[in-house]
Amino acid sequence: MTLYDSVKKTKLPFEPLQEGKVSLYVCGPTVYDDAHLGHAKSALVFDLLRRVLEAEGYEVTFARNITDIDDKIINKARDLGISTNEIAERYTAAYHRDMASIGVRQPTLEPKATESIEPMCEMIQNLINKKHAYVISNGDIYFDTSSDKNYLSLSNRQSNENISRVERVSEKRSEADFALWKAVHDEGVAFDSPFGRGRPGWHLECSAMIERFVSPHVGDYAIDIHGGGADLLFPHHENEAAQTRCATNHELAKYWIHNGFVTIDGEKMSKSLGNSFFLKDALKAYDGEVLRFYLLSTHYRGDFNFNEEDLIASKRRLDRLYRLKKRLFGLTAEMIDTEFKRNLLQALGDDLNVSRTYALIDELINSANEALDQNPKDKTYRQILLSALQNIETILGFGGQNPFEYFQLGLDEATKTKIDTLITRRTEAKKAKDFPASDAIRDELTAMGIAIMDTANGTFWEIRD
RNA sequence: GGCGGCAUAGCCAAGCGGUAAGGCAUGAGCCUGCAAAGCUUUGAUCCCCGGUUCGAAUCCGGGUGCCGCCUCCA
């Protein structure tokens, strides 16, 4: 397969460090608030990449960290009058719950910053020994960016001299130098270390965890693929890369993958604009699977402008998949190697070309409906179709629900019973050729937001949006 | 100011030099007691200007317009 490397700025054939194995690390959330649609998009992109790599036969080590200690967490804990642990646990659980609802699988490794202090200290010591880091009088430890001749090569910047001069620390050797360790002298949240009480810098966490928990330690790179949102390229990934390069003498990642932003009305979500859209709120209005299908529907590198019209159009597209699944209902899956699967992997293997992938699915649905109209009883063909749907479910993570329940989500049993009763009465009226009566019942159902469809196998119903 | 991305039918969106995928919406037809679902069908020369080429949405140059990073950020 090929992947677009956002550092080399070109699509490259993917060749893993180790035969048949892939190490993939993605920057996860800082757990101080609920996940928004941007977190969802990023998680979905790398969940898809992981599934595709697995479908290609790779053994994938997929790591996604949890930053569970950070100024934002500390501030929130102070505002709410509870401990940082409570905040971190609350939002870690929320993150897991929200991601599960859109079909994001748990990573194989999920290291937490607070449980990785020791490897971080080891890396700091290493950097100090190699003169890549220095301690200032208050105990803070900084990375010396001038000591890394490749600094800024990742983000392709010329110099960092024109950055804004907020919070000037006079003892820093260069404005570009960043903290590896921040000494804590009061009663604040801190960890014991060989450098005294303090807290680790954010950038350090990823480098140290990768080195300790993820890297297979073969070849010129720590891991195969490092991913994250496009806004992390600088300074976060630049700094990670520098730390790893200087501490270990190998580069951090062979491939860098960055996903585009989710925007609302064309603008990036941010606290200051007040246009954050939390995933949990989206889930109140839309099914998690529909959100997955929608958020995954355009290429991961481009920005994604979230809006309800497109989401509804997207849902209608997914509906077609489930209507086909209805037509196959009752068959037991019996996996057949399909040409469809090869086509699917070929499209996805081209830097996750989901547009082409979705088009393949649409074409499958179209040709399947046509063929089933012609020859509804072709058992072999039906098995092939079912296998294809199974492939979609495994690789793309949607289409796995019971097709009847998919169209009936959110309705209580009493309503469902009422609908069934009305349909039974209508069927009787139809049998008696009492069409005014049967149409009146259909109007009643329509008013309830229910659409019905008569088929050879009986009358089915769906919720209309 | 520095760096980067994007601009394709009403909307979303592929395309990576050889004559514009797919979906949603719309109009028409088939099917249906009538519908729904399904099927068929309807529509763009690709932001503008110049260049390279037998040939460009695709390459080069110059514009215009959006967006992002450079501060915590998926």
Side-chain angles (χ1 to χ4, degrees), chain A residues 6 9-11 26-30 32-33 35-46 64 67 70-72 152 155-167 202 227-236 238 258-263 266-272 276 294 297-299 301-305 307 309-320 323-324 326-327 347 350-351 353-363 365-374 430 433-436 438-439 442-443 445-446 450-455 459-462 464:
Chain A
S6 48
K9 298 195 187 310
T10 183
K11 226 188 256 187
V26 177
C27 292
T30 299
Y32 73 106
D33 206 345
H36 58 223
L37 294 175
H39 294 106
K41 170 79 180 177
S42 185
L44 284 168
V45 164
F46 293 103
R64 189 183 58 211
T67 300
D70 178 273
D71 286 354
K72 289 192 289 290
L152 299 180
S155 57
N156 190 31
R157 272 155 219 273
Q158 265 61 54
S159 91
N160 214 5
E161 285 309 303
N162 56 354
I163 61 168
S164 62
R165 307 290 159 94
V166 284
E167 277 191 74
W202 173 49
D231 50 352
L232 295 181
L233 181 54
F234 186 87
H236 185 53
E238 184 76 54
H258 292 94
N259 65 278
F261 298 121
V262 175
T263 59
E267 288 191 314
K268 185 184 170 183
M269 283 187 285
S270 73
K271 285 259 159 85
S272 54
S276 290
Y294 173 50
S297 66
T298 71
H299 195 271
R301 261 184 289 131
D303 286 346
F304 188 98
N305 193 30
N307 68 79
E309 284 167 61
D310 293 347
L311 188 148
I312 288 168
S314 200
K315 182 192 179 295
R316 293 196 173 136
R317 196 176 192 177
L318 181 60
D319 287 350
R320 285 161 40 80
R323 292 211 185 92
L324 174 62
K326 268 191 193 174
R327 299 187 73 167
D350 179 16
D351 193 35
N353 191 331
V354 286
S355 287
R356 208 141 60 83
T357 305
Y358 278 30
L360 283 170
I361 294 171
D362 291 326
E363 282 158 7
I365 294 167
N366 287 336
S367 56
N369 279 323
E370 194 182 355
L372 291 174
D373 282 349
Q374 300 297 323
K430 272 182 62 180
K433 300 246 191 285
D434 184 357
F435 296 123
S438 72
D439 288 353
R442 184 168 61 199
D443 289 345
L445 286 161
T446 305
I450 302 301
I452 56 174
M453 42 212 64
D454 297 326
T455 77
T459 300
F460 299 131
W461 60 272
E462 298 179 359
R464 264 310 117 91

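Computation of the quantities below employed the complete heavy-atom set of this structure, encompassing side-chain atoms and omitting hydrogens, waters and symmetry-equivalent molecules.
- As a whole-Å value, the separation of Lys9(A) NZ from G5(B) P is 6 Å.
- In this structure, Leu233(A) atom CG and C70(B) atom P are separated by 10 Å, rounded to whole Å.
- A heavy-atom distance below 4.5 Å is found between the side chains of Leu360(A) and Glu363(A).
- Taking each heavy atom of Ala347(A) and Thr357(A) in turn, the nearest pair found is CB-OG1, 3.5 Å.
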Give every pair of a protein N or O atom and an N or O atom of nucleotides 11-18 of chain B that lie under 3.5 Å apart, one pair per line with the distance.
residue : atom : partner   : partner atom : Å
C11(B)  : O2'  : Asp310(A) : OD1          : 3.3
A13(B)  : O2'  : Ser355(A) : OG           : 2.8
A14(B)  : O3'  : Asn353(A) : ND2          : 3.2
G15(B)  : OP1  : Asn353(A) : ND2          : 2.9
C16(B)  : N3   : Lys11(A)  : NZ           : 3.3
C16(B)  : N4   : Lys11(A)  : NZ           : 2.9

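- Residues Gly38(A) and Met269(A) come closest through the heavy atom pair N-CE, 3.3 Å.
- Contact annotation for Gly229(A): backbone-only contact, meaning every heavy-atom pair under 4.0 Å involves sugar-phosphate atoms and none involves a base.
- Put simply, CD1 on Ile450(A) is 14 Å from P on A37(B), counting in whole angstrom units.
- Here Lys433(A) lies out of heavy-atom contact (under 4.0 Å) with every strand.
- When the side-chain nitrogen and oxygen atoms of Lys268(A) are compared with OP1 and OP2 of A74(B), none of them lie within a distance under 4.0 Å.
- Looking at Arg316(A), Lys326(A), Lys315(A) one by one, the single match for salt bridge (Lys or Arg N to Asp or Glu O under 4.0 Å) with Glu462(A) turns out to be Lys326(A).
- A distance cut-off of 5.5 Å between ring centres, combined with a plane angle under 30°, leaves Tyr358(A) outside any stacking arrangement with the base of G23(B).
- Using a 4.0 Å heavy-atom cutoff across all strands shown, Arg464(A) reaches sugar-phosphate atoms only and no base atom.
- The shortest heavy-atom contact between Ser297(A) and Phe304(A) is OG-CE1, 4.1 Å.
- Taking the P atom of each, C39(B) and A74(B) are spaced 42 Å apart, rounded to whole Å.
- Comparing U64(B) with G50(B), their C1' atoms sit 15 Å apart, to the nearest whole Å.
- Figure legend. C31(B) is base-paired to no nucleotide; pairs are counted as Watson-Crick or G-U wobble with both atom distances under 3.5 Å.
- Nearest heavy atoms, Arg320(A) versus Asp362(A): NH2-O, 3.8 Å.
- Between Leu152(A) and Phe234(A) there is a side-chain heavy-atom pair separated by less than 4.5 Å.
- Closest non-hydrogen pair, Ser42(A) versus Asn259(A), comes out as OG-OD1, 3.1 Å.
- In this structure, Val26(A) reaches neither bases nor backbone, as no heavy-atom distance under 4.0 Å exists between it and the strands shown.
- Taking atom CG on Leu318(A) and atom C1' on G22(B), their separation rounds to 15 Å, with Å as the unit.
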Determine whether Arg317(A) and Asp310(A) satisfy the following criterion, salt bridge (Lys or Arg N to Asp or Glu O under 4.0 Å), listing intermediate values before the conclusion. CA-CA 11 Å; Arg317(A) 196 176 192 177; Asp310(A) 293 347; over 6 Å; no
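- The base-pairing partner of G1(B), taking Watson-Crick or G-U wobble contacts with both distances under 3.5 Å, is C70(B).
- Nucleotide A36(B) holds its C1' atom 13 Å from the CG atom of Asp319(A), rounded to whole Å.
- By the 4.5 Å heavy-atom criterion applied to side chains, Asp33(A) and Lys72(A) are not counted as neighbours.
- Asp439(A) comes within 4.0 angstrom of a base, heavy atoms only.
- When the C1' atom is compared between U8(B) and G43(B), the two are found 14 Å apart, to the nearest whole Å.
- Scanning all heavy atoms of the two residues, the minimum distance from Cys27(A) to Arg64(A) falls at C-CG, 4.4 Å.
- Between the CZ atom of Arg316(A) and the P atom of A37(B) there is a distance of 10 Å, rounded to whole Å.
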Can you check nucleotides 57-59 of chain B for protein contacts, nitrogen or oxygen pairs under 3.5 Å, and list what you find?
none

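- As the counterpart of G65(B), C6(B) is assigned, both hydrogen-bonding distances of the Watson-Crick or G-U wobble pattern falling under 3.5 Å.
- Remark: Arg157(A) is not in phosphate contact with C69(B), judged by side-chain N or O atoms under 4.0 Å from OP1 or OP2.
- Atom C1' of C47(B) sits at a distance of 15 Å from the matching atom of U58(B), rounded to the whole Å.
- The nucleotide U45(B) finds no pairing partner, because no Watson-Crick or G-U wobble arrangement with both distances shorter than 3.5 Å includes it.
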If you apply the rule side chain to side chain donor-acceptor pair (under 3.5 Å), what do you find for Asn369(A) with Arg327(A), and how did you get there? CA-CA 9 Å; Asn369(A) 279 323; Arg327(A) 299 187 73 167; 3.0 Å; yes
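- Using a 4.0 Å heavy-atom cutoff across all strands shown, Gly302(A) reaches no nucleic acid atom at all.
- Partner assigned to G50(B) is C60(B), using Watson-Crick or G-U wobble distances below 3.5 angstrom.
- Residue Glu363(A) is in sugar-phosphate contact alone, with no base atom involved, counting any heavy-atom pair closer than 4.0 Å across all strands shown.
- Judged by distance alone, with hydrogens and angles left aside, the side-chain atoms of Asn353(A) form a donor-acceptor pair with the main-chain N or O of Arg356(A) at under 3.5 Å.
- Here Lys72(A) lies in heavy-atom contact (under 4.0 Å) with sugar-phosphate atoms only.
- Contact check, Asn366(A) against C39(B): a side-chain N or O comes under 4.0 Å of OP1 or OP2.
- Pair assignment for A21(B) gives none, since no Watson-Crick or G-U wobble pairing has each distance under 3.5 Å.
- Contacts of Ala359(A) with the nucleic acid, taken as non-hydrogen atoms under 4.0 Å apart, include base atoms.
- When the P atom is compared between C11(B) and C34(B), the two are found 36 Å apart, to the nearest whole Å.
- The separation of U71(B) from A9(B), taken at their C1' atoms, amounts to 41 Å, rounded to a whole angstrom.
- Comparing the same atom, C1', in G65(B) and in C48(B) gives a spacing of 11 Å after rounding to whole Å.
- In terms of modelled atom types and a separation under 3.5 Å, the side chain of His299(A) and the main chain of Asp351(A) share a donor-acceptor contact.
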Please produce a list of atom pairs where a protein N or O lies less than 3.5 Å from an N or O of nucleotides 29-31 of chain B.
none

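- Spacing of P atoms, G55(B) relative to C3(B), comes out at 35 Å, to the nearest Å.
- The side chain of Phe261(A) approaches G68(B) more closely than any other nucleotide in the set G68(B), G38(B), G33(B).
- For G4(B), its base never sits under 3.5 Å from the side chain of Asn156(A) at any donor and acceptor pair.
- Counting to the nearest Å, the P atom of A35(B) and the NZ atom of Lys430(A) are 13 Å from each other.
- For the pair Asn259(A) CG and G5(B) C1', the interatomic distance rounds to 14 Å; values are reported in whole Å.
- Of the charged side-chain nitrogens involved, none lies within less than 4.0 Å of a carboxylate oxygen, so that Lys41(A) and Asp303(A) do not count as a salt-bridged pair.
- Nucleic acid contact class of Ile452(A) (heavy atoms, under 4.0 Å, all strands): base.
- Set against A35(B), A74(B), C39(B), the side chain of Val262(A) has A74(B) as its closest nucleotide.
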